[in-house]
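Single-structure report; data block below.
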Amino acid sequence: MEADNHTVQDHRSSDEDELSSSAQWKGSGPEVSAQARLLKTRHPYLNGIPCNAAGENIDPATLPKPRLEDDDCEWEPYADETQFRLADFAFRKTEMSTTNIDELMEIWALSMAKHGDLGPFSSYEHMYSTIDATRLGDAPWKSFTVSFSGETNSESPTWKTSEYEVLYRDPDTVIHNMLDNPDFDGQFDYAPYIGLDKSGQRRWNDFMSGNFAWRHCNEIFEADPSVEGAMYCPIILGSDKTTVSVATGNIRVFLMPYLSIGNVHNSVRRAHRNAVVPIGFLAIPKGDRKYDGDIAFRKFKRQLYHTSISAILEPLLLYDLASYIADYPEQVLLAGVVQHWCPRCTALVGNLDGPCGRRTREFTEVLLDRLSSTELWDEYGIDDDILPFTFDFPRADIHEMLTPDLLHQLVKGTFKDHLVTWVGKYLELEHGEARANEILDDIDRRIAASPSFPGLRNFPQGRRFKQWTGDDSKALMKVYLPAITGHVPDEMVQAIAAFLDACYIVRRADITEATLSAFDTALKKFHLHREIFRTTGIRPTGFSLPRQHSLSHYRYLIEEFGAPGGLCSSITESRHITAVKQPWRRSNRYNALKQMLLTNQRLDKLAAARVDFVDRGMLPPTYPPPPQPPPLQDLDDDNSNGGDELDWVGAIDDAYVTGNVTLARTHARSERCRGPRHLSDLATTLNLPELPELCRRFLYDQLHQNNPELSSANIPLAECPEISSKISVFHSAIAKFYAPSDESGMRGMRTERIWATPSWRGKGSKYDCALVVEDEDKPGMKGMSVVRAKLFFSFKHQGQTYPCALVDWFKTFGRSPNPITGMWRMKPHMSHGSRLSTVVHLDSFLRGAHLLPIFGPHFLPISFPPSYSLDAFTGYYVNRYADHHSHEIIF
């Protein structure tokens with residue numbers, strides 16, 4: 001889709017790759033990006049060359065015209081910075097009520113009256129009208145009505161005689177606002193590209209790296225060569241239901257379509273930065289209970305759905321509808337297929353993993369012309385009562401558009417609904433209900449005994465909670481394998497381990513050819529080992545399950561659309577919070593939908609205005625991270641970090657580094673927390689008599705690190721330098737590392753805290769584990785070890801500060817990961833009957849590590865506290881499922 005220069009902000013940053021327009025993978029001097037080391041070859045024809053309104057090419061360095069050229073005031077429509085920041089603070093950030101806004105304005109006016117001046121706003125009406133006058137980000141809500149088109153009479157049910165209002169925004173206006181958004185600078189692709197990493201392997205990440213965009217650009221150019229130089233703008237759609245509480249026992253359901261564009265990077269789409277916008281509220285017909293199973297009523301609801309979406313999207317007839325984000329029930333509705341059939345392929349419902357071909361629009365049209373309704377339903381799973389909305393768009397094919405859904409197909413579907421449930425059924429079938437419940441209770445205790453780790457949810461009662469969320473399932477995936485090991489057959493553990501590997505691989509932000517091969521291997525292992533559920537009688541009929549079957553399409557869909565994490569229904573579900581749930585809570589519940597629409601519109605305008613002010617240098621840039629869950633722990637009781645730092649893991653917008661660990665910003669201040677300031681006294685207080693010697697030998701090695709032949713282990717202590725400076729003790733260190741597959745900032749950066757504190761929330765000490773790099777040239781755990789931090793401190797010698805840690809070491813047993821769980825096993829490293837401890841430089845730390853106990857066949861005592869887990873067992877698994885970054889580096 002070609003866009004005029006005056007409507008599109010050029011988001012190319014100074015380091016954006018200007019690559020060769022060659023149809024082959026070879027380009028003339030493609031640039032290597034600093035982070036991904038990615039060679040990009042852009043599409044040769046639809047390559048987004050900047051042009052003016054007449055379509056004439058212009059110098060790419062030409063700055064775009066001002067977005068608003070007739071402003072009398074640079075803060076238009078706000079009087080000044082104070083007015084805008086107050087409106088943004090009161091309406092968006094704090095969601096202040098109208099009554100409180102009026103009270104605040106009254107207090108402000110009283111204060112200003114002393115100086116003969118007025119407050120920023122006279123009332124909440126004044127504030128709201130100013131926000132409404134903001135032109136940037138404006139996409140007004142409109143409506144149309146739909147009704148039953150068949151014959152009706154006085155005895156017709158109400159659902160036939162009612163009119164249904166559909167509220168919507170002009171999607172073309174929404175797209176214009178996205179293309180005009182300078183906040184996407186550096187996170188926007190103007191053309192499809194083929195990405196190669198430094199080893200020459202193809203790499204898929206954002207949407208424009210996929211084959212779909214490249215292939216469709218070829219087709220567009222072949223049909224009309226005059227579009228050469230235009231920018232391809234693929235449309236990404238999604239829809240999902242959400243509910244809000246109306247009164248006790250009652251809920252209200254909203255069905256909303258969303259819109260995004262494929263040009264913005266996945267990180268932007270996931271980061272709640274106006275790259276996914278609601279474009280409608282669809283009508284949901286209601287009827288009397290007697291019509292719940294009425295075929296005609298169900299048909300009407302499905303047809304209303306497609307008719308409404310088609311009407312909303314009518315302005316996009318010339319665009320390329322590229323992909324659609326939806327869970328399985330919605331995919332069935334969108335594709336017009338029968339429940340339990342695959343919406344992407346023609347595999348038979350009783351043998352979904354058997355021979356099949358791809359469904360296409362053309363193939364469906366042929367079948368509709370030649371077969372009866374019964375034949376369509378029974379032999380191809382086609383419901384001819386539904387004509388997908390894509391039939392109204394010349395280039396759209398719903399079967400081609402459906403994207404992978406990590407949340408519902410893998411996390412909630414295959415893992416929680418299938419595998420976890422099957423384990424419970426196996427235990428009951430094998431041991432009887434009473435014994436099975438005892439084993440399940442022990443599994444719950446094992447889960448609850450997992451040591452704490454940043455970003456890891458605690459399960460104090462195991463899995464015993466009434467309502468599962470996607471986050472619950474994701475958290476359980478991280479700790480489930482060791483909990484069931486020993487209670488179920490090894491092959492069952494291997495099946496779940498293989499599935500977890502496949503799931504974690506496809507959830508990565510960057511996927512290479514090697515990654516896809518690893519996924520294929522994991523999927524084959526899963527299909528092999530899941531047969532244990534058939535042979536034990538849990539699944540005697542096999543595995544013809546649509547959600548598990550969807551995995552067979554993932555490799556192709558990754559090659560088509562890039563990394564699935566940028567097209568997952570979790571994005572639209574999280575968008576419900578800001579688009580529906582929060583505006584609902586702000587409404588007075590009377591005619592709530594109209595109030596919610598107005599709230600959404602005002603939020604969009606405030607966001608667009610802030611982006612514009614930042615772009616013009618009038619406000620500092622602010623990129624808040626995506627919403628984080630509440631911290632798993634509060635401050636340590638001793639307030640040893642100055643009272644301003646929490647135990648949390650989260651996204652940060654920081655400069656790119658592979659990994660970096662630094663001491664906390666403030667050291668322990670009170671003597672009770674920090675201990676004495678001199679090394680020998682500190683060793684006595686902490687009952688660490690070996691500390692002075694370890695520090696002196698550490699310093700000797702640091703001073704002679706350029707000479708590997710000199711080691712403190714080979715010399716007497718007297719030859720090691722003395723440490724006379726004061727010692728600063730810290731109770732935590734901060735790790736920053738590149739982890740784009742996890743919740744991360746715009747540059748893919750993530751941070752976490754590693755604790756070493758003697759007092760933690762009044763329940764004893766907290767000493768975390770970490771990964772230290774011993775040999776950078778060796779891959780995975782062959783070049784790393786696990787340590788447990790016992791003390792973070794720093795000292796000075798000859799003017800140089802040495803940040804370091806006293807650590808206890810673990811060592812691996814076995815030369816490879818455990819063949820059952822797929823995880824490395826560790827045990828405490830003993831030397832002369834005691835734990836091996838050394839002092840190491842903080843530079844050797846990579847990030848935190850999560851260890852899970854090897855429980856063996858024994859039951860865990862009731863009320864076993866997780867704080868003892870790292871001391872009570874003789875062996876541990878290195879948890880590669882703690883997060884996606886761990887899965888990528890621990891192998």
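For the numbers below, each heavy atom of this structure counts, side chains included, while hydrogens, waters and symmetry mates do not.
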Exercise for the section: State which residues pass ring pair (Phe, Tyr, Trp, His ring centres under 6.0 Å) with Tyr881; sequence neighbours excluded, sorted by chain then number. Expected result: Tyr504, His887
Practice task
Verify, without hydrogens or angle tests, whether Arg507 (side chain) and Gly565 (backbone) share a donor-acceptor contact under 3.5 angstrom.
Solution key: no
Practice task
Examine the side chains of Thr512 and Arg203 and answer whether a donor and an acceptor come within less than 3.5 Å of each other.
Solution key: no
Practice task
Measure from the side-chain N and O atoms of Ser574 to the backbone N and O of Ser570, and report whether any donor-acceptor pair falls under 3.5 Å.
Solution key: yes
Handout entry: Minimal non-hydrogen separation, Ile496 against Ile484, with atom names
Key = CD1-CD1, 3.7 Å
Just list the side-chain donor-acceptor pairs under 3.5 Å for residues 793-808, sequence neighbours left out, or say none.
from: Asp808; atom 1: OD1; to: Ser837; atom 2: OG; distance (Å): 2.5

Practice task
Go through the steps for Ser732 and Ile754 under the test side chain to side chain contact (heavy atoms under 4.5 Å, CB included), then give the verdict.
Solution key: CA-CA 5 Å; Ser732 68; Ile754 305 168; over 6 Å; no
Exercise for the section: Give me the ring orientation class for Tyr876 and Phe810: parallel if the planes are under 30° apart, tilted from 30 to 60°, perpendicular past 60°. Expected result: perpendicular
Problem - Between OG on residue Ser728 and CZ on residue Arg677, distance to nearest 0.5 Å - result: 4.5 Å
Practice task
Applying ring pair (Phe, Tyr, Trp, His ring centres under 6.0 Å), run through His487 and Phe859 and close with a yes or a no.
Solution key: CA-CA 10 Å; His487 284 315; Phe859 277 49; 5.2 Å; yes
Exercise for the section: Establish, from distance only, whether the side-chain atoms of Ser886 and Asp883 form a donor-acceptor pair under 3.5 Å. Expected result: yes
Problem - Residue pairs, two or more places apart or on separate chains, that pass side chain to side chain donor-acceptor pair (under 3.5 Å) and touch residues 862-873 - result: Arg788-Asp871
Problem - Validation row: His885, Arg847 side chains within 4.5 angstrom (heavy atoms) - result: yes
Please tabulate, one pair per line, all N/O donor-acceptor pairs under 3.5 Å involving side-chain atoms of residues 815-834, not counting sequence neighbours.
from: Asn818; atom 1: OD1; to: Ile820; atom 2: N; distance (Å): 3.1
from: Asn818; atom 1: OD1; to: Thr821; atom 2: N; distance (Å): 2.9
from: Asn818; atom 1: OD1; to: Thr821; atom 2: OG1; distance (Å): 3.3
from: Thr821; atom 1: OG1; to: Met823; atom 2: N; distance (Å): 3.3
from: Trp824; atom 1: NE1; to: Phe891; atom 2: O; distance (Å): 3.0
from: Ser834; atom 1: OG; to: Ser831; atom 2: O; distance (Å): 3.3

Handout entry: Heavy-atom side-chain proximity of Pro451 to Phe453 below 4.5 angstrom
Key = no
Handout entry: Side-chain heavy atoms of Val787 within contact of Phe845, under 4.5 Å
Key = yes
Handout entry: Spacing of CG belonging to Asp442 relative to CZ belonging to Phe855, to within rounding of 0.5 Å
Key = 8.0 Å
Fill in the blank from the handout: Heavy-atom closest pair (Ala735 atom, Val661 atom, distance to 0.1 Å) is CB-CG2, 3.8 Å
Handout entry: side chain to side chain contact (heavy atoms under 4.5 Å, CB included) evaluation trace for Met781 with Leu771
Key = CA-CA 9 Å; Met781 289 302 298; Leu771 292 169; 4.1 Å; yes
Problem - Residue pair Gln187 / Ser267, side-chain heavy-atom distance below 4.5 Å - result: yes
Exercise for the section: Enter the distance from Lys736:NZ to Ile734:CD1 here, rounded to the nearest 0.5 Å. Expected result: 8.0 Å
Exercise for the section: Quick one: pull up CD1 in Ile511 and CD1 in Ile505 and give me the separation to the nearest 0.5 Å. Expected result: 9.0 Å
Exercise for the section: Please answer whether the main-chain N or O of Ile890 pairs with a side-chain N or O of Arg880 as donor and acceptor at a distance below 3.5 Å. Expected result: yes
Fill in the blank from the handout: Nearest heavy-atom approach of His850 to Ser452 is CD2-O, 4.1 Å
Exercise for the section: Report yes or no: does Arg445 contribute a side-chain atom to a donor-acceptor pair with the main-chain N or O of Leu860 at less than 3.5 Å? Expected result: yes
Handout entry: Flag side-chain contact, heavy atom, 4.5 Å: Ser844 against Val772
Key = yes
Problem - Flag side-chain contact, heavy atom, 4.5 Å: Leu410 against Val506 - result: yes
Problem - Approximate separation, where rounding is to 0.5 Å, of Asp701 CG and Asn707 CG - result: 11.0 Å
Problem - Pair listing, side chain to side chain donor-acceptor pair (under 3.5 Å) test, anchored in residues 769-785, at least two apart - result: Glu774-Ser785
Problem - Residue pair Ser712 / Phe698, side-chain heavy-atom distance below 4.5 Å - result: no
Fill in the blank from the handout: For Leu842 and Leu663, the nearest pair of non-hydrogen atoms, with its separation, is CD2-N, 3.5 Å
Exercise for the section: Apply side-chain hydrogen bond (donor to acceptor under 3.5 Å, both in side chains) to the pair Asp742 and His884, showing each step before the final yes or no. Expected result: CA-CA 6 Å; Asp742 293 294; His884 295 95; 3.0 Å; yes
Practice task
State plainly whether the residues Arg446 and Asp444 are in salt-bridge range, i.e. N to O under 4.0 Å.
Solution key: no
Practice task
Give a yes or no on whether the backbone of Ala514 and the side-chain of Gln201 come within a donor-acceptor separation of less than 3.5 Å.
Solution key: yes
Practice task
Give a yes or no on whether the backbone of Glu743 and the side-chain of Arg750 come within a donor-acceptor separation of less than 3.5 Å.
Solution key: yes
Practice task
Considering non-hydrogen atoms only, spot the tightest contact between Arg696 and Leu717 and give its length.
Solution key: NH2-O, 3.1 Å
Practice task
Would you sort out whether Ile889 and Leu846 count as a side chain to side chain contact (heavy atoms under 4.5 Å, CB included), showing the intermediate values?
Solution key: CA-CA 10 Å; Ile889 64 174; Leu846 177 60; 3.8 Å; yes
Problem - Between Phe499 and Tyr480, ring centroids under 6.0 Å - result: no
Exercise for the section: Please report the C-alpha distance between His678 and Ile727 in whole Å, then the side-chain angles of each, then the deciding distance to 0.1 Å, and finally whether the side chain to side chain contact (heavy atoms under 4.5 Å, CB included) criterion is met. Expected result: CA-CA 6 Å; His678 295 285; Ile727 307 296; 6.0 Å; no
Practice task
Calculate, to the nearest 0.5 Å, the distance between atoms CG and CG belonging to Leu852 and Leu456 respectively.
Solution key: 8.0 Å
Practice task
With sequence neighbours left out, write down each residue that passes salt bridge (Lys or Arg N to Asp or Glu O under 4.0 Å) with Arg697, or none if nothing qualifies.
Solution key: Glu693
Exercise for the section: Please tell me if the side chains of Thr485 and Tyr877 come closer than 4.5 Å, counting only heavy atoms from C-beta onward. Expected result: yes
Practice task
Just do the salt bridge (Lys or Arg N to Asp or Glu O under 4.0 Å) check on Arg508 and Asp510 with the steps written out, would you?
Solution key: CA-CA 6 Å; Arg508 293 183 183 179; Asp510 293 296; over 6 Å; no
Problem - Closest approach of Ser680 to Pro692 (non-hydrogen atoms, all atoms of both residues) - result: CA-CG, 4.4 Å
